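Below is one structure, written out as structure tokens; the observations come after it.
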Amino acid sequence: MKIEDLKNMIEENLRGIDVEITTREPNIIDVKVSRDKIIEVAEKLKGKGFDHVKSVTAVDYPGERFEVIYIVSSYESPLSYFLVSLRTSLPYDDPRMSSLLSVWPSVLYQEHEEHDLMGIEFEGNPRMGERLLLPESYEGIPPLRKEFKVKVEGIDA
Amino acid sequence: MNIIDLLFQPYIFIPLVFPGLIAAFVLLLIIIWLERKIAAKVQLRYGPLYVLKPLGGVIQTIADLLRYLFQEPIIPKDVDKVAFLLTPVFLFGLAYLPLVIIPISPTYYAFRSDLSLLIALALATLAPIFTLIMGWASNNKFSLIGSVREGYLVTSYEMPIFLSALSMAVLYNSLDLVEIAEAQRKIWGVFLNPVAAANMLVLIYMSTSKFPFEIPEAESEIVAGPYTEYSGIIYGLVMGASYIKLYVLSLIYSILFLGGWNPSPSPDPLISGGVLFLKAFILVAFGAFLRAVYPRFRIDQAVNIGWRIAFPLSLLSILISLILILGGVSFGS
Amino acid sequence: MSLEERTLELLIGPQHPASGHMRLVAKIDGDIVVELRPNIGYVHRSVEKLAEVKKFLQIIPLVERPSLADTTANNLAYVMALEKLLGIDPPERAKYLRTLLAEINRIHSHLYGLGIHGVMIGSSTAYMWCFGDREPFLELAQELTGARLTYSYIIPGGVRRDLPKGFAERAEKAIKYLEGRMKDYFDIYFNNPVVKARLEGVGVLSKEDAIKLGVTGPNLRASGVAYDVRRAEPYAAYPHLDFDVITEEEGDCYARVMVRVREIMESIKIIRQVLKEIPEGPILHESYEKLIPPKLREEMKQRGVVKFPSVFANLRVPAGEAISRVEGGRGEVVFHVISDGKLSPYRMRMVTPSFRNVILFEHLTRGARVADIPAIYGSLDYFPPEADR
Amino acid sequence: MGVERTARHLRAIFTGMKYLFIGPRLTIMYPDEIEELPESYRGMIEYDWDSCIKCSLCAMVCPADAMKMYVSKEESEREGKVVKRPGINYTRCVFCGFCVDICPTNSLRFTGVHDVAYYTYEEQIYTPQEFSKGVPKPIYDREPKKVKAILDEKRGIVYEPSGRS
């Protein structure tokens, strides 16, 4: 199975939803979708055999937007060679989106971590509001955001 | 009668010196060191070494004892103080009690009765009660779980031990340890009723929580079980008590199955007592060796073994004894 | 008495002989676990935030530290992501050397996991044997890279040291020693009836649940899912090597242990192939090699120790995104590096196998016994710092 | 089923006994025997004052901010421009060896020294002058024997004396 026929298969599978599909490198397909359509796209991808999420990444573009990237793949070949990066962008002042827990249970801890460290709200994920990696008593800017500054030392003593 | 003769009177010598307090204490020191050395050797390493290096660190346990003596026993705030402090003393003290009834030669015994086997076993069952109290007194969840586990284990090993001992008593037609030992002059009990022998050996290791039955103080599950809150000398007492109980049960086992003091070269109590002590020492050392071979069972598996395997086997061993008796094998005076 | 009153809340960890740097909040009813929630984060250093203030090369030791027993996987995954952005491909010999170190690391990482699991179910002998038999492999790695665990051996464009002379013979001895010991391991531990009683049928993970929960590594393959990144998306020298993906069917603690044991044997097979077929040639990409002054380049070839070109101090990676994955000892390591052309990555996402396996604590211990908690914990080969990052 | 399980019990106990009587030992008696480390071992770093060209590449590449550049006064006055030399902070150094590998004149080199103890925190921070005085020697209360780790098919690792102590 080559990357083009996978791309066509996904395009055909997601007909009717305004989605932007590009291919990158030998085995990565980016699927860009708006946040209210993401569950629908996720269910369709799962139908095609993409059965688990390897990583949930939230990227902070200050003042502009948050981008949440789900790297999805399958355990069975031939799909296991390919990675589909399902991405959506959230407005900077309202970082909320619906959780994909109902589609892929493997996102439970990853979404919880992005909520804890980046402050993204995943509606439907039972762990919202709880801390995962940060101490329970932590208040303040989520540390992974760009506005949270880390002390940096120069090379001089 | 001056003090020396008094000392050698059997009712003083046995409980205080030979199989009693001093011998048990020396055995306790040696066996803890030996257990660590055996486990070390099997595990490709040396074990205790730097205390008296030429002899392989043999007085390591004495060094540990001194450390325990000078260590401050921390008594947690909301602990039931009286029970917390007294239970180790009772546990360690009463562990010696059955030694008073154990004879070391046909004529040399502290206290003889025609029920001495029952007395010895009954006194040996005192220990678990204090473990239960200890677990409750420590006011710690892990201790509570540990002591409840000890309670479960008691129910599953106490009865089969008594039945196995009973099967040998039936064979020798007597409950008196001296008579039982004398009856094995020609042939040891283990060859007559091997089922009872194997069964009781496993149960002895279960009752003193040796591997694979080290369940009440399972370190990786409940920290140190009933002994979690203990430190200093009260922990030292508690740790030593289970070895004393193993020593006592090994003495009883040697008398029941390994012919007590038989093939003893001379009737002199010290020599025949030495033979008995050697057999008990081997059993205790084997218990120590098991630590290097086995992981530990779960509590439900241990209780399962107690009821589904040990209990039927002990009934079977009684049956075997009865068959032997009816078959004309006769002992006794 | 309602369930709430009967259950006891047991806090296992972080100060507990068998909890590691995490806490298991277990609600138990008698000896049965009603519900168990792992409470992680005790050793969280936020590697992802630190990476945004460090330069690209300085991140190599940073990403290695969380999974201390299996550093090569993180190092290799990160550097592969950089190489995708830089658009360079390391020379063949460097690929073989990366595979060699990855497999040596897999063997002693598996031995580490098996040893910890041994002491968790009570067998101190399994612990001492496994940790003792790790030593020859740590010596091999120390001879090849100069460090016992934190190798930082893989750099963009190649590796830092060449194969020392006589390494193949010494490696063969260490491998023969471990092969010779396997029979004793099976006699005293793996086939020990008490071990089988404690591990068989405990913490069963069905194939569907394994896929649904997205777990990885031996925990996944022990439930019958034949997924291994070295076969799914071959990297380094794996396309040229012949090895099998080890799977078991039952998916219980014993199956996970058996997958690790058989994977040790498979890694031995791979190491022998690598040492036999390793091609001659440079171990650093020529675009970097020509940046090194000629005198140093000669000395580098002769001593077999790579000198860094000065551009490495301020490596600039073209803007873009790269996703790379590697099969580490504990499972699949996924890196997602987003660069904006500056000296530091804009965003670096590092997903480690233990973080993907942490969900198994909740799933596998429901209804198990208290004594099964350490048995299941050990069988997952879970490493708290690797999950917390 | 019972018979096979008993056989396995006996085999486990027999293997234990085997190792009890004829098993090898892997221990190295550390303070009395010290291992002779391979030539590529990444131990503490020695700094050659003269060959250093003061390019501060080592400070730039150091991942743990352990290598810092100190301004050396007399050289700055003598040469009229600011001259900086590297000093190391061993409380931060992770021994990754990036500085040694990037140094264009090999004036930073590895030594096999790794087991050195300090009394205070400040002692571990070396200014360039102290840094160039060389690596501290570990102090043993008994003269240790140097041994070499020989990998062996039967016994895993054997530590044989390697002559020069």
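From a predicted model like this one, the values you see are computed outputs, not experimental measurements. Protein chains get the first letters and strands the later ones, always in sequence-line order, with residue 1 at the start of each.
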- request: Let me see the working for D:Ile157 and C:Glu139 under side chain to side chain contact (heavy atoms under 4.5 Å, CB included), right down to the final yes or no.
  value: CA-CA 9 Å; D:Ile157 286 197; C:Glu139 290 287 336; 3.5 Å; yes
field: Region of C:Val306 that comes under 4.5 Å of a non-hydrogen atom in chain D
entry: backbone
- prompt: In terms of side-chain geometry, is the basic nitrogen of D:Lys18 or C:Asp184 positioned less than 4.0 Å from the acidic oxygen of its partner?
  reply: yes
query: Salt bridge check: are D:Asp101 and C:Arg161 linked by an N-O gap of less than 4.0 Å?
result: yes
field: Contacting region of D:Tyr19 [heavy-atom separation from chain C under 4.5 Å]
entry: side chain
- request: Begin from the C-alpha positions of C:Arg170 and D:Ile150 and carry the test side chain to side chain contact (heavy atoms under 4.5 Å, CB included) through to its verdict.
  value: CA-CA 8 Å; C:Arg170 283 189 291 277; D:Ile150 312 287; over 6 Å; no
Residue part contacting chain D, namely of C:Pro136, when any heavy atom lies under 4.5 Å: both
query: Is it the backbone or the side chain of D:Glu4 that comes under 4.5 Å from a heavy atom of chain C, or both, or neither?
result: neither
field: Value rounded to 0.5 Å, distance of OG1 in D:Thr15 from CD1 in C:Ile188
entry: 5.5 Å
statement: Ranked by heavy-atom pairs below 4.5 Å to chain C, first place among D:Gly43, D:Cys103, D:Pro63 goes to D:Pro63
query: If you look at every heavy atom in D:Tyr159 and C:Glu135, which pair is closest and at what distance?
result: OH-CG, 4.3 Å
statement: If one checks every heavy atom of D:Leu26 against chain C at 4.5 Å, the contacting part turns out to be side chain
- request: Answer with side chain, backbone, both or neither: which region of D:Cys62 has an atom nearer than 4.5 Å to a non-hydrogen atom of chain C?
  value: backbone
- request: Go through the steps to decide whether D:Tyr41 and C:Arg148 satisfy the test side chain to side chain contact (heavy atoms under 4.5 Å, CB included), and finish with yes or no.
  value: CA-CA 9 Å; D:Tyr41 182 77; C:Arg148 283 167 61 87; 5.6 Å; no
- prompt: Could you give the distance from CZ (D:Arg8) to CG (C:Asn192), rounded to the nearest 0.5 Å?
  reply: 9.5 Å
- prompt: When rounded to the nearest 0.5 angstrom, what is the spacing between SG in D:Cys96 and OH in C:Tyr151?
  reply: 15.5 Å
message: Would you compute the distance between atom CG of C:Leu178 and atom CD of D:Glu153 and round it to the nearest 0.5 angstrom?
response: 12.5 Å
field: Whether over 12 other heavy atoms sit under 6.0 Å from D:Leu10 CG
entry: yes
task: Verify the neighbour count for atom NZ of C:Lys342: are there more than 12 heavy atoms of other residues, nucleotides or ligands below 6.0 Å?
output: no
Close side-chain approach of D:Met60 and C:Lys55, heavy atoms under 4.5 Å: yes
query: If we only count heavy atoms from C-beta on, is the D:Lys154 to C:Arg181 side-chain gap below 4.5 Å?
result: no
message: For C:Phe131, is the CZ atom crowded, meaning more than 12 foreign heavy atoms sit under 6.0 Å from it?
response: yes
- line: The interface call for D:Phe14 against chain C, heavy-atom contacts under 4.5 Å, is neither
message: So which residue, C:Asn314, C:Asp187, C:Ile59, ends up with the most heavy-atom pairs under 4.5 Å with chain D?
response: C:Asp187
- prompt: So, C:Lys307 side chain and D:Asn106 main chain: donor-acceptor pair closer than 3.5 Å or not?
  reply: no
- prompt: For D:Asp65 and C:Gln58, does a side-chain donor sit closer than 3.5 Å to a side-chain acceptor?
  reply: no
field: Heavy-atom closest pair, residues C:Ala313 and D:Leu57
entry: CB-CD2, 3.6 Å
message: Quick one, C:Leu57 and D:Val61 - any side-chain contact, counting heavy atoms below 4.5 Å?
response: yes
- request: Using non-hydrogen atoms and a 4.5 Å limit, figure out which bit of C:Leu315 sits close to chain D: side chain, backbone, both or neither.
  value: neither
- request: Examine whether an atom of C:Pro164 lies under 4.5 Å from a heavy atom of chain D, and if so say whether it belongs to the side chain, the backbone or both; otherwise answer neither.
  value: neither
query: Is there a donor-acceptor pair closer than 3.5 Å between any side-chain N or O of C:Lys173 and the backbone N or O of D:Gly156?
result: no
query: Which pair of heavy atoms, one from D:Phe98 and one from C:Arg160, lies closest together, and at what distance?
result: CE1-NH1, 3.4 Å
- prompt: Short question: side chain of D:Ser40, backbone of C:Thr145 - any donor-acceptor pair under 3.5 Å?
  reply: no
- prompt: Mind checking whether D:His9 and C:Val194 have side chains closer than 4.5 Å, heavy atoms only?
  reply: yes
Residue part contacting chain D, namely of C:Ile292, when any heavy atom lies under 4.5 Å: neither
field: Part of C:Glu179 within contact of chain D (heavy atom distance under 4.5 Å)
entry: neither
field: Portion of C:Lys295 that has a non-hydrogen atom of chain D nearer than 4.5 angstrom
entry: neither
When C:Ala171, C:Ser152, C:Pro193 are compared by non-hydrogen pairs under 4.5 Å with chain D, the top option: C:Pro193
message: Can you tell me which of C:Glu172, C:Glu299, C:Arg303 forms the most heavy-atom pairs within a distance under 4.5 Å of chain D?
response: C:Glu299
query: Which one, C:Ser310, C:Gly180, C:Ala147, leads in non-hydrogen pairs under 4.5 Å with chain D?
result: C:Ser310
task: Please flag which part of C:Phe186 lies under 4.5 Å from any non-hydrogen atom of chain D: side chain, backbone, both or neither.
output: neither
